[in-house]
Structures are given as structure tokens and as C-alpha cells.
Amino acid sequence: MTAYITTPIFYVNAEPHLGHAYSTIVADTYARFKRLCGEDVRFQTGTDEHGDKIVQAAESAGESPQEYVDRISRMFSDAWPHLDIEPDNFIRTTDADHKENVQRILQQVYDQGDIYFSEYEGLYCKGCERFLTEKELQDGKCPDHLTEPDRISEQNYFFRMSKYQEWLVDHINANPDFITPERYKNEMLSFLSDPLEDLCISRPTSRLTWGIPLPFDDRFVTYVWFDALINYLTGLGYPDDEKFSTYWPVAEHVIAKDILKPHAIFWPTMLKAMGLEPYQKLHVHGYWNIGDTKMSKSLGNVVRPRAMVDEYGVDAVRYFLLRDMSFGLDSGYNSEAVVARQNSDLANDLGNLFSRSLTMVGKFEDGKVPPCGTMGKLDLALQESCADMLATYRDEMEHFRFHRALQAVWKVVSKANKYIVENAPWELAKDEANQEQLHTVFYTLLETLRILQVVVSPIMPATARKMAAGLGVDHSDTLEIAGQWGGLKPGTAIQKPEQLFPRLEKKKDAPRPAKTKDRQKPKGPEQQLEGIITFEDFGNVELKVAEITGAEVIKKSDRLLKLTVKAPEVRTIVAGIAEHYSPEELIGRQVIIVANLKPATLMGVQSEGMVLAAKDGKRLVLASLSDTVAPGSRVA
RNA sequence: GGCGAUGUAGCUCAGUUGGUUAGAGCACACGGCUCAUAUCCGUGUUGUCCGGGGUUCAACUCCCUGCAUCGCCA
């Protein structure tokens with residue numbers, strides 16, 4: 001049996017974020033699971049590197065497109081090892097073999113008449129240098145440039161996608177697992193209930209040169225999907241390499257829902273046009289929201305996988321992402337949830353189970369796997385729950401329901417903890433007569449741990465390695481073999497390793513590293529957007545009463561006033577209140593200021609703090625106290 | 001505007017073809033144990049199952065309708 005699993009190739013106009021990491025961890029976990037099942041697996045990820053956005057991003061970074069894509073692509077390939085992600089292939093759309101492959105396919109499809117030259121009319125924004133869709137417009141204008149786009153027509157090449165619509169609908173209906181989970185299948189079927197348009201696949205070189213030239217017309221380059229999607233074939237050495245014949249028939253793609261249409265509609269029809277079989281399955285997952293806000297660059301709440309790993313460790317991150325998201329649905333990320341998972345599931349339940357078990361074997365069994373005696377009711381029950389769990393686990397993992405697979409696994413963890421209490425080995429150990437029963441208890445327990453180690457390995461490879469080392473077992477067996485009861489050899493030496501998972505403090509606001517440079521970028525998404533802060537968070541903000549002793553207009557600005565305040569030391573504060581207060585009326589007033597704000601220079605004036613005011617629609621009203629107090633009094 | 005999804009305990013969610021007192025984990029409270037990472041085990045509290053109407057002997061479950069959130073499409 002073979003398996004081929006891919007992530008999307010990620011567009012290199014930004015650094016890797018949580019969403020990229022999730023897709024890739026999912027694919028990696030699935031690849032490891034399939035390997036565990038004894039299958040011959042190929043796992044591919046990579047980067048998508050052509051297009052106008054790349055050219056723009058490179059320009060603003062002061063680099064050539066090639067330098068730029070090399071740099072960002074490396075950020076992706078470098079990020080994955082930190083997450084224990086091990087792809088077999090990392091493909092880049094700027095690779096020579098990919099370009100060649102795309103051109104060969106284009107030529108083939110062109111020759112057979114499925115690509116034609118035609119005119120395209122649309123709304124073109126000169127500022128953006130691209131066509132805008134009706135949807136993007138606000139009041140008929142480009143939202144970025146606030147200009148009305150021109151209705152212009154452009155000649156381009158089109159792929160006859162519509163020709164394959166009927167076939168695709170039939171294919172989706174005939175293969176219920178082609179697009180999963182089902183909601184996305186339904187969405188696509190609904191989309192396909194209307195006539196499909198043909199797909200524009202080129203851009204004139206007058207507008208874009210950073211792309212793969214069309215082999216039959218060098219005035220054009222390939223546009224987006226006909227370039228990007230083909231990576232899944234290039235990575236297998238299509239058409240001649242034997243990897244292609246081995247792995248393509250079992251191809252499964254993991255994507256996020258934003259690129260559903262290209263993968264569910266464009267790609268199968270492209271493959272059909274090439275005369276190839278479509279992929280087997282498309283696994284579509286949802287978004288990670290930050291708190292309850294979408295993650296986006298412009299909000300500045302992008303979560304960087306590296307930062308998560310540094311804070312929680314790889315396995316905690318992998319576990320959390322797979323355990324907390326129902327595959328297919330959106331989920332909310334927040335640091336408290338990560339800490340809760342880490343502490344309760346990982347440290348308390350699994351980590352402590354492992355720790356207490358090995359310690360006792362050290363103490364009561366001389367650090368060796370004991371022989372198993374006659375199993376009683378409790379022992380058999382635990383053995384049976386392992387077997388039940390394995391069946392569920394297999395099925396859920398197979399269907400990308402990782403959260404459910406993990407639930408099933410943790411049921412066993414919980415039962416094992418209960419098993420210990422029920423048997424109270426420390427009591428049994430007090431009497432020689434109980435020796436056989438004691439042996440049986442520990443054998444059963446260690447076997448359970450061994451099986452847990454096996455099933456946990458695709459999700460948390462490092463933890464599984466530690467557990468295997470502690471139990472003195474090799475972890476190279478397949479699930480079939482490793483899942484069978486009785487794998488541990490009596491007499492094997494047990495070695496208790498370092499604790500598997502540390503317990504974390506609840507307070508998520510450990511002293512933040514003072515990043516002095518990036519003042520524009522609001523960082524630490526958790527602190528920023530979760531709505532709730534701890535008392536300590538609040539304590540970090542030093543609020544004081546200040547008396548305004550001087551105020552003057554800053555000439556170059558119509559919003560800013562330069563205030564001199566006494567708190568009780570004299571400071572200068574620049575406040576954006578000129579439209580609401582005149583300098584005269586401010587003198588002598590007491591206001592509340594944030595006293596420990598990092599100084600900032602506004603319009604050439606250094607501001608040492610911030611004045612609090614309420615915003616009521618367009619009105620701005622300064623915060624004040626109900627009575628006069630000594631300047632500098634702390635507000636809390 | 002069209003199509004669809006979702007709305008269940010303080011939080012995150014399970015609830016299979018309608019069938020007794022609606023479940024799990026987390027959190028919280030109390031009790032037990034002492035092998036363990038102050039962990040583990042037990043017990044317990046909390047619900048207008050979004051609102052309204054209907055079908056039925058019986059509705060969280062089916063139908064209609066309203067509200068809210070989200071997705072796809074136009």
C-alpha cells in the first residue's frame with residue numbers, strides 16, 4: 001500500500017503562520033500515521049512563487065523577485081523541522097523542472113484544443129495593476145486607491161474548463177469521499193449547479209513577467225493555478241518517473257477552505273484535460289481564529305509557529321492544534337487553551353501517568369518489566385480498552401478526525417490512571433503473597449503505556465521517542481504488530497526519563513521580551529485580542545493623575561496639542577485632541593495619563609505618556625476625577 | 001437577494017434512525033489516596049437543548065417561522 005499526501009504550496013508573500021503550520025502538521029501527522037500502518041508514503045510541501053504580488057513584495061523589500069522568493073521560501077523550509085515536520089519533498093514553483101513541466105502540460109492541452117485565445121473584459125485598477133472583481137469594489141471604487149477602475153479588455157488564454165463540468169459533477173457524486181468533510185462537497189456541488197466559466201490562465205508580459213512563459217506564445221506568462229496546482233505532479237517527476245505511477249493513484253491533498261475552488265473545480269478538470277485520473281481525496285480544513293477575530297496581517301495578530309514552539313514545545317503545539325480543532329471547522333486559538341491542554345491532558349494525565357508508572361516499576365520491580373501472571377478482571381478490562389481504542393483510533397485517523405482519535409486515546413490514559421488507584425500497587429507491594437498480582441499489574445500498565453506510545457507517535461514524535469526509550473522498546477514496528485498485546489519482554493530494563501511535559505503557569509503574560517524595534521507591529525496576539533487580561537496585566541499599566549500646566553498647538557498638525565503636565569514631575573505629552581479642546585481651556589485641568597508608555601515622537605515632539613479620553617461618536621471627552629487630588633496620584 | 005451550515009452547562013464541544021431522570025472534558029466545591037510532574041481517584045453543583053408555533057402518545061432530534069453568527073454564490 002502506498003500513500004501520497006500534500007499540503008498546498010504556500011504563497012511566499014508572507015512568513016509562515018499558524019494556518020500554514022496547521023495544514024502541514026496535519027499532513028505530517030497523516031504521513032506518519034500511514035507509515036505506522038506500514039505504507040509506503042510520500043509527503044510533499046513547498047512554496048508558490050510567481051505572480052504580481054511577489055513582484056510587489058520584492059520591490060518593497062528592495063530585492064529582486066528571485067532574491068525575495070529564495071529568502072521567504074527558506075523561511076518555510078526552515079520552519080518545518082522546528083515543528084518536527086519531515087516532508088519527503090519540498091517543491092518550489094521556480095524550480096527548473098517545474099517550469100518545464102508546466103510548459104509541457106500547457107503545450108499538450110493547447111495542442112488538443114482545450115486552451116484558446118480570447119478577449120476578457122474587466123475592471124482594471126491602474127494603481128493595483130490588476131483586474132478587480134465586482135465584489136472587491138466599494139462604492140464602485142478600488143478600496144485601496146479610491147479610484148474608479150477602468151473597464152478595459154485584454155486578450156488572454158483560457159482553459160476550456162466548462163467542457164468538463166458535467167464530468168466533474170458526476171465524479172463528485174460517484175465518489176462521496178472525493179471532497180471531505182461533506183459540507184465542502186455540498187458547497188462545490190452547489191457552485192457547480194450553475195454553468196462553469198472557462199478559466200483565464202495567462203497574463204500579458206506587459207503586465208507581468210514574473211511567471212512561466214506560455215510555450216506557444218511568449219507574449220504571455222502562465223497565471224496562478226495552471227502553474228501552482230501542477231506542483232503536485234512535478235513533485236512526483238511526472239510524466240516519466242516511476243514515483244508518478246506509484247504515488248499519483250493515491251494522491252490526497254490537504255488544503256484550507258480558502259483555496260477550495262481551485263482544488264475542487266480547477267484542478268480535477270485540468271487533470272481530466274491532461275488525460276489523468278483525478279486525485280483521490282481533498283481534505284479541507286477551516287481557519288484558526290485568534291480569540292474570536294480572524295487572523296490577518298493587517299490586524300497584526302498573526303501567530304508565528306516558531307514563537308509557539310519556543311513557548312510551549314513542539315509536541316504541545318502539535319497536540320493542541322490537532323486536539324482542539326474539529327477538522328473542517330474553524331477553531332479559536334488562544335494561549336490559555338494551549339496552557340490548559342498542556343497542563344491537564346499532557347502534564348497531568350499522560351505525563352504523570354508515565355512518570356508514576358515508571359517510578360513504581362523502579363521501586364517495586366527492580367526497574368525491570370515483570371512477567372505477567374494470570375490476568376484478572378481489572379487487568380483484562382484495561383487490555384480490552386486498549387484494543388477498542390486502537391480500532392477507533394485507526395478509523396478516526398484514517399478520516400482526518402484527529403480530535404476524535406485523540407479523545408479515544410485519552411480515554412485509555414484516564415483508564416490507566418484509574419487502574420492504578422484501583423490496584424494500589426503500593427499496598428500490594430507490602431505483602432510478598434501479592435507478588436504475582438503485582439507483576440501482573442505492572443505488566444498490564446507498561447503494556448498500556450507501550451501502546452499509548454505507539455498511537456501517540458504520529459502526533460507527538462518526540463514524546464513517543466522518549467516514552468519508547470523509557471520503556472526500552474524499539475518503535476519501528478507497524479501499528480498492526482505494535483498494537484498487539486504482549487509486546488514487552490519481561491526482564492527488559494526500564495529507564496525513567498526526564499518528565500515528558502512540564503506544567504505551565506496559568507499566567508500567560510510572562511515578562512514580554514522588550515522588542516524595541518517593532519513598535520508598529522502590535523505583537524503578542526493573545527494579549528492583544530482575547531478581551532480578558534489578568535490583574536497583573538492591568539498592573540503593568542501605570543495610570544496617574546496629571547495636572548495640565550501648559551498647552552500649545554503643534555503647528556504642522558491640526559489634531560495634536562503639546563501639553564506640559566505635572567505628575568508630579570514635569571513631562572511633555574502630545575495628545576490628539578486639538579479638534580476637541582482649545583489650549584486655553586485645558587490649563588489647570590487634571591487628567592488621567594498612562595505614565596509608563598514608551599515615549600514616542602510625534603511631529604517632531606517627544607511625547608512621554610498618553611492622556612485618556614472617551615470617544616463618543618465624533619466627540620472626544622477627557623477622562624477626569626470627581627475631585628481634585630495631588631498630581632501624580634496613582635489611579636488603580 | 002439566492003443556497004447552505006450552525007445556535008446544547010461558566011468555557012470547548014458530543015448527542016447515532018424522535019423514546020424514561022440531556023452527556024464528556026475543562027473550571028468550581030467537597031471527600032479519598034500517597035506511587036507520581038501539588039499530580040491521580042471518587043462524589044457533587046450548574047442547562048427556558050436560541051425564541052415562537054406545529055406534527056406526535058412522546059421532540060434537543062421532524063416541519064414552519066423569527067432572531068443571531070458564519071460560509072458559498074449573485
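Naming: A, B, ... by sequence-line order, numbering from 1 per chain.
- Between A/Tyr30 and A/His283, the two ring planes are tilted [angle within 30° to 60°].
- RNA chain B is contacted by both A/Asp258 and A/Ala347; A/Ala347 maps to the nucleotide lying nearer its 5′ end (nearest heavy atom per residue).
- Distance, A/Asn343 CG to B/rU39 P: 8 Å, rounded to whole Å.
- Residue contacts shown for A/Phe501 include a base, since a base heavy atom lies under 4.0 Å away.
- The residue A/Asp349 sits close only to the backbone: its heavy atoms come under 4.0 Å of sugar-phosphate atoms, none of a base.
- Distance CD (A/Glu187) to P (B/rC72): 6 Å, rounded to an integer number of Å.
- With a cut-off of 3.5 Å on both pairing distances, B/rU34 has no Watson-Crick or G-U wobble partner at all.
- None of A/Phe266, A/Tyr157, A/Trp267, A/Phe159 except one satisfies the ring-ring contact (aromatic ring centres under 6.0 Å, His included) rule with A/Phe226; the exception is A/Phe159.
- B/rA5 and B/rC64 have their P atoms separated by 11 Å, given to the nearest Å.
- The nearest pair of heavy atoms linking A/Ile259 to A/Ile255 is O-CD1, 3.5 Å.
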Inset, instruction - Mind running side-chain hydrogen bond (donor to acceptor under 3.5 Å, both in side chains) on A/Tyr223 and A/Asn156 for me, showing each step along the way? - result: CA-CA 10 Å; A/Tyr223 186 63; A/Asn156 262 315; over 6 Å; no
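- Scanning residues 404-441 of chain A for heavy-atom distances under 4.0 Å to RNA chain B yields A/Arg404, A/Ser414, A/Asn417, A/Lys418, A/Val421, A/Trp426, A/Glu427.
- Within 6.0 Å of CD on A/Glu432 lie no more than 12 heavy atoms contributed by other residues, nucleotides or ligands.
- The heavy-atom pair separating A/Asp345 from A/Trp410 by the smallest distance is O-NE1, 2.9 Å.
- The distance between atom CG of A/Asp345 and atom C1' of B/rA27, rounded to the nearest whole Å, is 14 Å.
- B/rU45 sits 28 Å from B/rU34 when the C1' atoms are compared, rounded to a whole Å.
- When both pairing distances are held under 3.5 Å, B/rA74 makes no Watson-Crick or G-U pair with any nucleotide shown.
- If you measure from atom CG of A/Leu358 to atom C1' of B/rC35, you get 12 Å, rounded to the nearest angstrom.
- Using a 4.0 Å heavy-atom criterion, one finds that A/Ser190 contacts no nucleic acid atom at all.
- In summary, the side chains of A/Thr492 and A/Lys368 do not present any donor paired with an acceptor at a separation below 3.5 Å, with no hydrogens or angles considered.
- Of the possible polar contacts, one joining the A/Thr29 side chain to the A/Ile25 backbone as a donor-acceptor pair under 3.5 Å is found.
- In this entry the distance linking CG of A/Leu196 with P of B/rA74 reads 11 Å, nearest Å.
- Checking B/rA36, B/rC73, B/rU39 against the side-chain heavy atoms of A/Asn348 singles out B/rU39 as nearest.
- To the nearest whole angstrom, the two C1' atoms, one in B/rA14 and one in B/rG54, are 28 Å apart.
- Of all nucleotides present, only B/rU43 satisfies the Watson-Crick or G-U wobble test against B/rA29, with each distance under 3.5 Å.
- Of all nucleotides present, only B/rU69 satisfies the Watson-Crick or G-U wobble test against B/rA5, with each distance under 3.5 Å.
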Inset, instruction - Run the numbers on A/Thr463 and A/Asp315 for side-chain hydrogen bond (donor to acceptor under 3.5 Å, both in side chains), then give the verdict. - result: CA-CA 7 Å; A/Thr463 299; A/Asp315 281 355; 2.5 Å; yes
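- When rounded to the nearest whole Å, the span between CZ of A/Phe442 and P of B/rC35 equals 11 Å.
- Rounded to the nearest Å, the gap between the P atom of B/rU61 and that of B/rG19 is 11 Å.
- Side-chain atoms of A/Lys496 and A/Thr359 include a donor-acceptor pair closer than 3.5 Å.
- Look at B/rC49: it lacks any Watson-Crick or wobble partner with both distances under 3.5 angstrom.
- B/rA22 is unpaired under the criterion used here, namely a Watson-Crick or G-U wobble arrangement in which both key atom distances are under 3.5 Å.
- Among the nucleotides B/rC35, B/rC26, B/rC73, the one closest to the side chain of A/Ser344 is B/rC26.
- One P atom belongs to B/rA27, the other to B/rU39, and the distance between them is 9 Å to the nearest Å.
- The partner of B/rA59 cannot be assigned: no Watson-Crick or G-U wobble pair with both contacts below 3.5 Å exists in any strand.
- Straight-line distance from the OH atom of A/Tyr287 to the C1' atom of B/rU69: 17 Å, rounded to whole Å.
- Remark: the separation of the P atoms in B/rG15 and B/rU6 is 11 Å, to the nearest Å.
- Rounded to the nearest Å, the gap between the C1' atom of B/rA9 and that of B/rG47 is 5 Å.
- Using a 3.5 Å distance cut-off with no hydrogens or angles, the side chains of A/Arg306 and A/His82 do pair a donor with an acceptor.
- Nearest heavy-atom pair, A/Phe400 versus A/Phe327, reported as atom, atom and distance to 0.1 Å: O-CB, 3.1 Å.
- Distance check on atom C1': B/rC72 versus B/rC28 gives 42 Å, rounded to whole Å.
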Could you pull out the protein-nucleic contacts involving nucleotides 4-12 of chain B (nitrogen or oxygen on both sides, under 3.5 Å)?
residue : atom : partner  : partner atom : Å
B/rA5   : O2'  : A/Arg183 : NH2          : 3.4

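- Toward the 5′ end of RNA chain B lies the nearest nucleotide of A/His403, the other residue of the pair A/His403 and A/Tyr184 mapping further downstream.
- OP1 or OP2 of B/rU39 has at least one side-chain nitrogen or oxygen of A/Arg503 nearer than 4.0 Å.
- When the C1' atom of B/rU37 is taken as reference, atom CE of A/Met360 falls 14 Å away, rounded to whole Å.
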